[in-house]
Amino acid sequence: MTDLTALFTTAAQEAARFRTALETRPVQAPADQADSLRRLDVTLPHAPRDPAEVVEQLIDAANPGLMSTPGPRYFGFVIGGALPAASAADMLAVGWDQCAFNGSLSPAAAAAEQAAGGWLKELLGMPSGAGVGFVTGAQGANTVGLASARHHLLREAGWDQEAKGLWGAPRMRIIAGMERHATIDRSLRLLGLGTDSLEEVGVDGQGAMDVADLARVLRSAPADRDHPTVVCLQAGNVNTGAVDPLRAATELAHEHAAWVHVDGAFGLWAGASPSLRHLIDGVELADSWGCDGHKWLNIPYDSGFAFCSRPEVQTAAMSYTASYLTRSGAAPGAADFTAESSRRARGFAVWAGLQELGRQGVADLVDTCCRHAQRFADRLEAAGLDIVNDVVLNQVLVGFGGSGAEADATTDAVIARVQQDGTCWMGGTTWRGRRLMRIAVSNHLTTTADVDASVAAVLRAVGDAA
Ligand SMILES: *Cc1c(COP(=O)(O)O)cnc(C)c1O
C-alpha cells in the first residue's frame, strides 16, 4: 500500500518550499520549455512505478522550469499570487478528489460554490438573485454569458437555438468596443456567432467605450425581435485598466432591448473597494458578467465566475440536460451553470480565500495593488520614462524613447533585460501601434519595497540598453 501521508506530505512540503523561496528566487525560470521537455520527456515505463519515486522525479524535472508567477515581483499579464488558505483548500480539493457536478455527487463541493457564490455577488455588487457558475476563467465565463444572451434573445425571437442550432435563426448583432479582450472574439467563434457579426464601437483615449458612438451603432438597425442584439462591455481594459461607462452604456443598450454582457475579468474587483467602487457604477444593471478568481482575487489557477442576472436563462442555455431541466422542474446542479459536466471542486479555494481575506481584506488587496501601480508610474515618470496610460487601476503602460520602430526595439530590449535580470518580470504589449512595457500589480504579497526594487531593475535595464 502506498503511504499516502508520506506522499502527500512530500508534495505539500515541496509546494511550501517553492512558495517560500519566491522572495529570493529569480522571477524568470532558469529553464525554458525545450530544457524542461528534455527533463520531462523520459521513457514511458511499461510497468507501474513507486508513486513516491515518480513524485520525486517530477519535482526535480519540473523545478527549473517553474516561473515565480505567484511571487511578489511578477507583473506580467494580470497574474495573482494564490492566497495561503486558498492554496491549501485547493490541495484539499485535489486530495478529496470531489466531482462538483451536482449536490448528489458532492454535497460539500456544490455547497461551497453556493456559499462562495453568494459572497462574490455581495462583494462585486451584483444582484443577489443572479446565477453563478464556477468556470476555468474569464474566457469560460464570457462564453457562458454570451451563450445565455444567445439563448434568451433567440427565444424571444421565437427561435429554439438549443434544438435547431443557428441554421435559419435571425442574425444576431454583437456590439463591442474596439479594445475588447480577444476572449470575446474566441467565444463568438465557439458559439457559432462568428466574428463577422461584430459591430465595433469607438473608444476614448484610454480604450473605454464611447457611449455616443454606441448610440450611433445601436440606431443603425431597428430595436426589435428580428435584430437580437448583444452589447459587450468591459470593466478593466487589459492594457490601460480603463472601465467602460457601464451605467450609461447599459441603460442605452436596454432602451434598444439589447442584452448587456460585462467582461470584468479583473476590473470588476474595483467593486469590492469602497474607494474604487465608483469606477464600475451601474454594473448591477447588466445581464451577464464574466470575472476571474485567479487574477485579482488571488485564488489558485484555474478559477473564474460566470454570473447571469436570470439564473433560469443561464441554466436553460448551459445545462447538461438542456431544456429538459426547465421542463422537469428539477433543481439545477452546480455544473448546469457552466459548459462542463464533471468538474474540479473550485468552490473550496474560493470559499477559503474569501474567508481568509474577509470583506476588508479584499478591499485592501485591491486598494494596495492600485497604490503600488501608482507608485510604479510616479517613480518611472520621475526617472524620465513615459507613462502612457491614466493609471486608474492596477495597470501601467511604460514607453521608452518615443514612438517608431527604433523606440519599439528599445522597449523590447529593455523588457528582455528586465526579464533576464530576474528581480522582477514585466511583459510587453502593443497598444495603438506602439510597443510598451505593461506592469500589472495583482498580487497580495507585493510590498512597497518590491515596487522600489523593481523600479530600480527597470532603470538598470534602461541604462544597459542605452
Ligand atoms: C484575462 C482576461 C480575460 C481572459 O481571462 P482568462 O482567465 O485568461 O480566461 C478576459 N477579459 C479580460 C479583460 C482579461 O483581462
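For the numbers below, each heavy atom of this structure counts, side chains included, while hydrogens, waters and symmetry mates do not. Every number for a ligand or one of its atoms is a count from 1 in the order of the listing.
Near Asp292, meaning under 4.0 Å from any of its heavy atoms, are these atoms of ligand 1: 5 (O), 6 (P), 7 (O). Those atoms of ligand 1 that come under 4.0 Å of a heavy atom in Gly137, given as number and element, are 7 (O), 9 (O). Those atoms of ligand 1 that come under 4.0 Å of a heavy atom in His294, given as number and element, are 7 (O). Less than 4.0 angstrom separates some heavy atom of Phe266 from each of these atoms of ligand 1: 15 (O). Under a 4.0 Å criterion applied to the non-hydrogen atoms of Gln139, ligand 1 contributes the atoms 4 (C), 5 (O), 6 (P), 9 (O).
By the ring-ring contact (aromatic ring centres under 6.0 Å, His included) test, Phe337 is found to be paired with no residue, residues two or more places apart in sequence or in another chain being considered. Applying the side chain to side chain donor-acceptor pair (under 3.5 Å) rule to Glu14 yields the partners Arg17, Asn63; only residues at least two apart in sequence or on another chain are considered.
Within a 4.0 Å radius of atom 8 (O) of ligand 1, the protein contributes no heavy atom.
Of the charged side-chain nitrogens involved, none lies within less than 4.0 Å of a carboxylate oxygen, so that Asp378 and Arg375 do not count as a salt-bridged pair. By the 4.0 Å N-to-carboxylate-O rule, Arg155 lies too far from Glu162 to be salt-bridged with it.
Considering backbone and side-chain N/O of Val78, none are found under 3.5 Å from N/O of ligand 1. For ligand 1, one of its N or O atoms has an N or O atom of Lys295 under 3.5 Å away. In terms of polar-atom proximity, defined here as any N/O pair under 3.5 Å, Gln234 makes no such contact with ligand 1.
Residues Trp259 and Ser288 have side chains that bring a donor and an acceptor to within less than 3.5 angstrom of each other. Judged by distance alone, the side chains of Trp119 and Gln355 never bring a donor and an acceptor atom under 3.5 Å apart. Side chains of Asp90 and Ser87: a donor-acceptor N/O pair is absent below 3.5 angstrom, by distance only. Defined by atom type and a distance below 3.5 Å, a donor-acceptor pair is missing between the side-chain atoms of Asp263 and His181.
When hydrogens are left out, the protein atom nearest atom 11 (N) of ligand 1 is Asp263 OD2, 2.7 Å; that is the closest non-hydrogen contact.
Here atom 6 (P) of ligand 1 lies nearest to Ala138 when heavy atoms of Gly290, Ala138, Gly264 are compared.
One finds the NE2 atom of His151 at 13.5 Å from the CG atom of Leu191 (value rounded to the nearest 0.5 Å).
Counting heavy atoms under 4.0 Å from ligand 1, residue His181 touches it through the side chain alone.
Using 4.0 Å as the threshold, Gly236 has a heavy atom nearer than that to some atom of ligand 1.
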